[in-house]
Amino acid sequence: MTKHIFVTGGVVSSLGKGLTSASIGMLLESRGLRVKMQKLDPYINVDPGTMSPFQHGEVYVLDDGSETDLDLGHYERFTSTRLTRDSNYTTGQIYLSVINKERRGEFLGKTVQVIPHITNEIKEVVKKLADDETDIVITEIGGTVGDIESLPFLEAIRQIPLDVGRENCMFIHLTLVPYLKAAGELKTKPTQHSVGILRQIGIQPDVLVCRTERALDVDDREKIALFCNVPLESVIEERDKDFSIYEVPLSLQSNRIDEIILRRFGLTAPAANLDPWHEILHRLRNPEHEVSIAVVGKYADHRDAYKSIYEALDHGGIHRRTQVRVQPINSEDIEEEGAERLLAGFDALLVPGGFGERGVEGKVKAIRFARERGLPFLGICLGMQCAVIDFARHVAGLEGAHSTEFDRSSVHPVICLLEEQKDVTDKGGTMRLGAQPATLQADSRSAEAYGTCEVSERHRHRYEFNNNYRGQLEAAGLKIAGTSPDGSLVEIVELPDHPWFVAVQFHPEFKSKPTAAHPLFAGLVRAAVARHAGSAWVAET
Ligand code: GLN
């Protein structure tokens with residue numbers, strides 16, 4: 001019988017529920033259990049695809065093309081669980097499905113209500129993941145206990161033990177134990193209150209994971225255990241990790257969370273082999289090289305907007321035993337102050353994906369600088385499109401070259417709308433999305449990095465390289481290093497006459513893991529290390 005773990009959060013948002021859930025998933029997998037993961041988000045958007053990164057951080061894309069919450073990125077980086085459309089549901093999606101059923105007449109004669117219709121729909125999407133191939137389903141509930149929006153989700157998970165047996169369900173509640181400087185002590189009251197709200201709903205947590213900046217002493221833990229009605233050993237400290245998020249699973253394991261879960265479910269499993277994770281931390285703590293990489297985008301001040309990119313750069317660093325210092329730079333600042341001034345001293349440049357015209361000229365300027373100075377460069381999606389614009393304008397002599405996303409009447413539309421997008425009017429879930437195969441040129445940098453010519457990568461775009469300019473740009477020296485297997489869509493461009501200039505239409509960052517860095521990120525870091533070491537490169541004139 002598949003077991004269910006529900007992860008809720010209390011007191012404040014941004015406690016790291018996603019990381020904690022992913023870490024628990026990783027620990028259970030490392031003990032040989034087959035785990036599935038899922039996130040339920042209380043907001044009304046059907047998916048985060050139409051939200052600004054300011055609102056929601058990055059949109060994480062899965063192989064099947066679903067646009068999901070960034071916590072799913074943690075799940076994929078920490079575990080080997082296969083995520084699909086069923087791994088992320090929102091209130092909007094749940095209601096949409098119930099309302100569609102109502103219109104089809106599936107509830108004929110009935111008043112459709114939050115309880116039981118909405119809650120039944122939620123229970124179904126959770127139970128759907130429980131199958132013969134799954135030992136444990138971990139379901140994370142977004143938001144904070146006490147929010148109006150999350151109530152139907154909490155009510156639904158309260159009911160699941162009645163259907164599948166309380167012994168097959170476990171509730172893990174993540175809470176904050178703040179340190180009050182004036183009082184000189186940790187305060188447990190917010191935790192008591194948030195568990196109080198859960199218990200009013202009818203959920204008694206089995207484990208409390210307490211985020212704290214200072215160590216909990218026995219008195220604190222005893223107090224929390226008593227007031228929240230959980231065994232002392234199930235009050236688990238999760239101290240702030242200043243060094244790396246990859247410490248989280250190890251710290252949870254040292255607090256025996258995997259043991260507590262197995263015991264609660266009456267499962268036995270071999271001891272965890274966490275050597276790969278110890279190795280990650282060893283490499284992070286003992287780097288042999290150091291590089292600084294500039295990430296030039298629109299959301300420099302917002303860490304979550306490029307979450308997977310920053311993570312993938314770290315992975316490249318882990319792989320190359322290199323400390324990667326990442327510096328986000330606002331592309332609009334480059335427009336004002338110039339690439340020369342803002343990019344001097346960096347060992348590589350990355351330009352990520354994006355939408356909308358703001359900051360685009362800054363990205364083009366940054367890429368021009370990298371191209372002319374032999375600065376290793378990785379362009380992703382809009383970053384690739386900007387690389388083509390720079391090359392067209394400044395190397396191929398196509399003055400005024402642009403993407404029709406930004407200039408519909410450009411004289412040289414080197415980037416244009418995908419054919420399949422021409423009749424698309426709805427904005428939600430309608431881009432070219434998800435895993436698509438690509439074929440690489442054997443003599444390209446990318447093929448060398450991947451070690452193969454056939455790859456599959458995740459996409460999220462409406463615009464593409466305009467094939468009408470292919471001949472002209474190739475003649476000017478741009479290498480079409482990868483295309484869709486039928487050759488119709490350009491997926492990768494490179495500059496052979498440059499230490500490392502690779503720009504891709506897809507999002508490699510979604511497939512990078514700390515234990516298996518994405519080849520293009522490892523490649524960028526390797527080139528950055530070479531640059532840092534001062535290997536000379538002089539542009540041919
Ligand atoms: N805005 C561009 C497009 O739609 C790039 C998208 C992206 O960078 N994800 O094609």
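Counting starts at 1 for both ligands and their atoms, in listed order.
Which parts of ligand 1 touch His507 is read off a 4.0 Å heavy-atom cut-off, strictly below it: atoms 9 (N). Less than 4.0 angstrom separates some heavy atom of Arg462 from each of these atoms of ligand 1: 3 (C), 4 (O), 10 (O). Close approach to Arg460 involves these atoms of ligand 1, each under 4.0 Å from a residue heavy atom: 6 (C), 7 (C), 9 (N). Residue Gly353 has at least one heavy-atom neighbour below 4.0 Å for each of these atoms of ligand 1: 8 (O).
The single protein non-hydrogen atom nearest to atom 10 (O) of ligand 1 is Tyr463 N, 2.8 Å, given as residue, atom name and distance. Counting protein heavy atoms only, atom 8 (O) of ligand 1 is closest to Gly354 N, 2.8 Å.
Not one N or O of Ile380 is nearer than 3.5 Å to an N or O of ligand 1, by distance alone. Some N or O of Gln385 is nearer than 3.5 Å to an N or O of ligand 1, by distance alone.
Heavy atoms of Glu405 found under 4.0 angstrom from ligand 1 belong exclusively to the side chain. For Glu464, no heavy-atom contact with ligand 1 is shorter than 4.0 Å.
Although no hydrogens or angles enter the test, the distance criterion places no donor-acceptor pair under 3.5 Å between the side chain of Lys427 and the main chain of Gly49. Judged by distance alone, with hydrogens and angles left aside, the side-chain atoms of Lys363 form no donor-acceptor pair with the main-chain N or O of Gly297 at under 3.5 Å. Between the side chain of Ser87 and the main chain of Thr84, a donor-acceptor pair closer than 3.5 Å is present.
Among His507, Gln421, Gln505, Met384, the single residue meeting the side chain to side chain contact (heavy atoms under 4.5 Å, CB included) criterion with His461 is Gln505.
For atom 6 (C) of ligand 1, the nearest non-hydrogen atom from the set Gly383, Pro352, Cys381, Cys416 belongs to Cys381.
The shortest side-chain heavy-atom distance between Pro152 and Ile122 falls under the 4.5 Å cut-off.
In this structure, Arg445 is not positioned above the aromatic face of Phe501 in the sense of NZ or CZ being under 6.0 Å from the six-membered ring centre and within 45° of the axis.
Classification of Glu67 and Arg460 as a salt-bridged pair holds, one side-chain N sitting under 4.0 Å from a carboxylate O.
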Item to complete: Report the C-alpha distance between Arg211 and Asp240 in whole Å, list the side-chain angles of each, state the deciding distance to 0.1 Å, and finish with yes or no for salt bridge (Lys or Arg N to Asp or Glu O under 4.0 Å).
Response: CA-CA 7 Å; Arg211 279 294 305 270; Asp240 295 357; 3.1 Å; yes
